[in-house]
Amino acid sequence: MDQSAPASTTPALRDSPQRWWMMILLLLGMLACYGQRGSLAIAVPFLSKELNLNKADIGTILSAFSLLYVFLQVPAGWFVDRFGVKRAYAAGYIFWSLSVALMGFSPSFGSLIGLRVATGVGQAVAFPATSRAVADWFQDRERGTITGLYLAGTRIGTALIGLFGGWFLGRYDVRLFFLVVGLLPLVWLLPWGTFLRRWETPPSIQQQPISFWKSLTWLRHRSVLGIFLGFFAYDYAWFVYITWLPGYLALERKFSPMEMGVYTAVPYVAMSVIILISGMFSDWLVRQGWNEIKVRKSFIMLGLLIGCLIVPAGLVEDKMTAVWLLTIAICGIGIASPNTWTLTQAVCEKRVVGTMSGMQNFGGNLGGLIAPALTGWIAQHYSFAAALTVVGGVLVVGILMYGWLVDEKFTVPQTTE
């Protein structure tokens, strides 16, 4: 067995003002990650005409992101814990950016699926690496706020790609769109590598590593299983939004390209504000002495309950009423959002945060793998209203999983291997 140990970190960063530069880098990294992830959802109404794609085809392509992404979450988290945040994140970032840049040149349905899968492979490292960075370089009482900030970056990235894509694709070629979106964010790598060179040292052989295969047995612990299943429900709803919201507004609600861009962006902007408020308020309650696991869990359950407003959003006839209901529902998801990740950090030991975050995201992205394709299939054969009703049902199951199973801390079992 490989005896290399995780890259070590410099604890002094936790007490240094420079940790806020790390926060900015994490925010910008997630902004780029989700902007690039959402670029295909914005462009697919244009590509569908060129490649003769129906709704079911679109759903299949959008789901392809999760085809390997979902199964690479635990390996990616283990890799981050073993080899360090800096190199793992940078390697994935380069790979997914180049995959996005090539999407505009896809000549067929199959090649577009292949590049969408490749994007997911690269982005598999993003959440485990970011969660490990928060655990390593920020104090526990800050993690809700920091997590809220970088998660706001994911929503801001999704909002910006909606606005930018709606404007750009109304004027320029879809191939140029993917080149700009894929290549321009690579400039982030320079400050990332420069900053982390000081604060993260290379791997050493000073401690026994956690076995990857043993980590899979952690699902037998009720809190780990609850996080796994609860995040499945959270990500099912979230993937419906980030993959289908632009298409839903354009294909079902008949908004123009510019209107599609604006009304795709508005819910994410509102969500970003709610994420920050949720993260800071939950941190404040923890500082007041409230039990952290109960606080984080309660915020998640409330948020998922509000998210169920996606059901009436699909049923109302007025398209602006639908937009407002979708906005409120996605703000509910925003209340849950930072607490899904900080709950994991509160439940497990810091040395395995990357692996545990990967396991959480594995569960979530099983939902993400299913959601776009199932939504497209239901919309094609029944209606979008039926597809959004399914989302509400999944969220109810998520509420039950978080409430029933997540109730205690998880300690890594001792082994003799």
Side-chain angles (χ1 to χ4, degrees), residues 34 38 41 144 147-148 151-152 154-156 158-159 226-246 248-249 252 263-279 281-282 295-316 321-344 360-361 363-368 370-372 374-375 378-379 384-406:
Y34 267 73
T147 302
L151 288 176
T154 70
R155 280 58 181 176
I156 293 168
T158 306
I227 288 171
F228 180 89
L229 295 175
F231 204 66
F232 173 97
Y234 170 93
D235 250 8
Y236 185 98
W238 175 235
F239 269 74
V240 169
Y241 277 111
I242 63 174
T243 58
W244 270 109
L245 182 57
Y248 173 73
L249 295 178
E252 180 74 5
Y263 294 122
T264 295
V266 166
Y268 296 125
V269 172
M271 185 185 194
S272 299
V273 175
I274 295 298
I275 286 172
L276 292 174
I277 294 172
S278 177
F281 187 45
S282 59
V295 167
R296 309 294 186 194
K297 187 170 74 169
S298 297
F299 274 69
I300 294 168
M301 295 168 67
L302 173 63
L304 298 186
L305 182 62
I306 295 173
C308 291
L309 287 174
I310 194 172
V311 176
L315 298 173
V316 297
T321 302
V323 167
W324 285 113
L325 285 170
L326 287 169
T327 300
I328 297 170
I330 204 171
C331 284
I333 301 298
I335 292 172
S337 190
N339 293 285
T340 58
W341 293 100
T342 53
L343 178 64
T344 301
Q360 170 186 335
N361 223 21
N365 283 277
L366 284 176
I370 296 167
L374 182 59
T375 299
I378 295 173
F384 270 111
L388 299 187
T389 299
V390 170
V391 177
V394 172
L395 288 174
V396 170
V397 173
I399 294 168
L400 295 175
M401 293 300 98
Y402 275 113
W404 177 43
L405 292 175
V406 184

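Please read all numbers here as calculations on a predicted model, not as lab measurements. Values reported hereafter were calculated over all heavy atoms of this structure, with side chains retained and with hydrogens, waters and symmetry mates removed.
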Q: Could you state the interatomic distance from CE (Met271) to CG (Leu276), rounded to the nearest 0.5 Å?
A: 11.5 Å
Q: Just verifying a value: how many Å separate Thr344 OG1 and Ile227 CD1, rounded to the nearest 0.5 Å?
A: 4.0 Å
Q: Hey, mind stepping through Val295 and Phe281 against side chain to side chain contact (heavy atoms under 4.5 Å, CB included) and telling me if it holds?
A: CA-CA 10 Å; Val295 167; Phe281 187 45; over 6 Å; no
Q: Do Val323 and Leu249 come close enough that some side-chain heavy atom pair is under 4.5 Å?
A: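 They are in side-chain contact.
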Q: Are Val269 and Ile156 packed together at the side-chain level, in the sense that at least one heavy-atom pair is separated by less than 4.5 angstrom?
A: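 SC-SC contact between Val269 and Ile156 ruled out.
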Q: Would Leu326 and Tyr248 satisfy side chain to side chain contact (heavy atoms under 4.5 Å, CB included), going step by step from the backbone distance to the final call?
A: CA-CA 11 Å; Leu326 287 169; Tyr248 173 73; 4.0 Å; yes
Q: Answer yes or no: is there a donor N or O on one side and an acceptor on the other, between the side chain of Thr340 and the main chain of Ser337, under 3.5 Å?
A: yes
Q: If you apply the rule ring-ring contact (aromatic ring centres under 6.0 Å, His included), what do you find for Phe231 with Trp238, and how did you get there?
A: CA-CA 10 Å; Phe231 204 66; Trp238 175 235; over 10 Å; no
Q: Search all heavy atoms of Tyr241 against all heavy atoms of Tyr268 and return the closest pair with its distance.
A: O-OH, 3.1 Å
Q: Report the distance from atom CZ of Phe228 to atom CG of Asn361, rounding to the nearest 0.5 Å.
A: 10.5 Å
Q: If you compare all heavy atoms of Gly314 against all heavy atoms of Ala385, which two are closest, and at what distance to 0.1 Å?
A: O-CB, 3.2 Å
Q: Looking at every heavy atom in both Cys308 and Val396, which two are closest together, and how far apart are they?
A: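 That would be SG-CG2, 4.0 Å.
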Q: Just verifying a value: how many Å separate Ile335 CD1 and Ser298 OG, rounded to the nearest 0.5 Å?
A: 12.5 Å
Q: Hey, what do you get for CZ (Arg296) to OG1 (Thr147), rounding to the nearest 0.5 Å?
A: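 Result: 7.5 Å between the selected atoms.
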Q: I need the minimum non-hydrogen distance between Lys297 and Tyr402, along with the two atoms involved.
A: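 That closest heavy-atom pairing would be CD-O, 3.0 Å.
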Q: Would you kindly say whether Thr327 and Tyr263 are connected by a side-chain donor-acceptor distance under 3.5 Å?
A: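 No, because no side-chain N or O of Thr327 sits under 3.5 Å from a partner of the opposite role on Tyr263.
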Q: Report yes if the side chains of Ile333 and Ile274 come closer than 4.5 Å at any heavy-atom pair, otherwise no.
A: no
Q: How far apart are the C-alpha atoms of Leu388 and Val240, what are their side-chain angles, what is the distance that settles it, and do they pass the side chain to side chain contact (heavy atoms under 4.5 Å, CB included) test?
A: CA-CA 9 Å; Leu388 299 187; Val240 169; 4.2 Å; yes
Q: Check Ile275 against Gly148 and note the closest heavy-atom contact, atom names and distance.
A: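 It is CG2-O, 3.0 Å.
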Q: Any chance you could measure Phe299, atom CZ, to Leu343, atom CG, to the nearest 0.5 Å?
A: 12.5 Å
Q: Quick one: closest heavy-atom pair of Leu325 and Val316, and the distance?
A: CD1-CG1, 4.0 Å
Q: Using side chain to side chain contact (heavy atoms under 4.5 Å, CB included), reason through Ile306 and Cys331 one step at a time and then give a plain yes or no.
A: CA-CA 8 Å; Ile306 295 173; Cys331 284; 5.9 Å; no
Q: Can you confirm whether Tyr234 sits close enough to Ile300 that some side-chain heavy atom of one is under 4.5 Å from a side-chain heavy atom of the other?
A: no
Q: Would you say the side chain of Asn365 lies within less than 4.5 Å of the side chain of Phe239, judging by non-hydrogen atoms?
A: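 Yes, at least one pair of side-chain atoms sits under 4.5 Å.
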